[in-house]
Amino acid sequence: MPRQAWSKKRERQYEHIEESAQKRGKSKGRAKEIAARTVNKQRRESGETKSGRKTTSGTGNPNLPLEDRSKQELYNEAKQMKIEGRSKMSKSDLARAIRRKQ
């Protein structure tokens, strides 16, 4: 897993989640997987990831349709696309605006 791009905060988050999963009885490997997936999801939703795909502008899961992404993911994408008025938009408004801008 490419953890070199993670911040100190994300490293601490990863360790905490891994320990918690092990306390709940998960195997070491499964605990690591849960922690990595959780941290990567948080990074994706907060716009910390970079993606080579044009459709996502570096945020969200590129395989998900816009409607299946979180509002935060849509907001981050709209922010990168410099869409005006995004802070007052609903999730469906954000998806519509992103489609128009693509």
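One N or O on the side chain of T38 and one on the backbone of I34 form a donor-acceptor pair closer than 3.5 Å.
A distance of 6.5 Å separates OG in S90 from CZ in R96, rounded to the nearest 0.5 Å. Taking CD of E15 as the start and OG of S20 as the end, the distance is 13.5 Å to the nearest 0.5 Å. Atom CZ of R10 is separated from atom CG of N40 by 9.5 Å, given to the nearest 0.5 angstrom.
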Discussion item. Salt bridge (Lys or Arg N to Asp or Glu O under 4.0 Å), that's the test. Do E33 and R30 meet it? Break it down for me.
Written reply: CA-CA 5 Å; E33 180 181 356; R30 181 67 177 142; 3.3 Å; yes
Item to complete: Could you walk me through whether Q42 and S46 pass side-chain contact (heavy atoms from CB on, under 4.5 Å), step by step?
Response: CA-CA 6 Å; Q42 293 294 320; S46 64; 5.7 Å; no
Practice prompt. List the steps and the verdict of salt bridge (Lys or Arg N to Asp or Glu O under 4.0 Å) for R69 and E77.
Written response: CA-CA 11 Å; R69 298 183 198 173; E77 187 165 345; 2.9 Å; yes
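Remark: of the listed residues K79, Q72, E73, Q72 is the sole one forming a side-chain hydrogen bond (donor to acceptor under 3.5 Å, both in side chains) with N76.
Across all their heavy atoms, A78 and L94 have their closest contact at CB-CD2, 3.9 Å. Considering all non-hydrogen atoms of both residues, I98 and L74 come closest at CD1-O, 3.5 Å.
W6 has its side chain out of reach of Q13: every pair of non-hydrogen atoms, C-beta onward, lies at least 4.5 Å apart. Counting heavy atoms from C-beta on, the side chains of M89 and I83 come closer than 4.5 Å.
In this structure, E67 does not pair ionically with K91, as no charged nitrogen and carboxylate oxygen lie closer than 4.0 Å. Looking at K23 and E19, no side-chain N of the basic residue comes within less than 4.0 Å of a carboxylate O on the acidic one, giving no salt bridge.
With 3.5 Å as the limit, one finds no donor-acceptor pair spanning the side chains of R99 and Q102.
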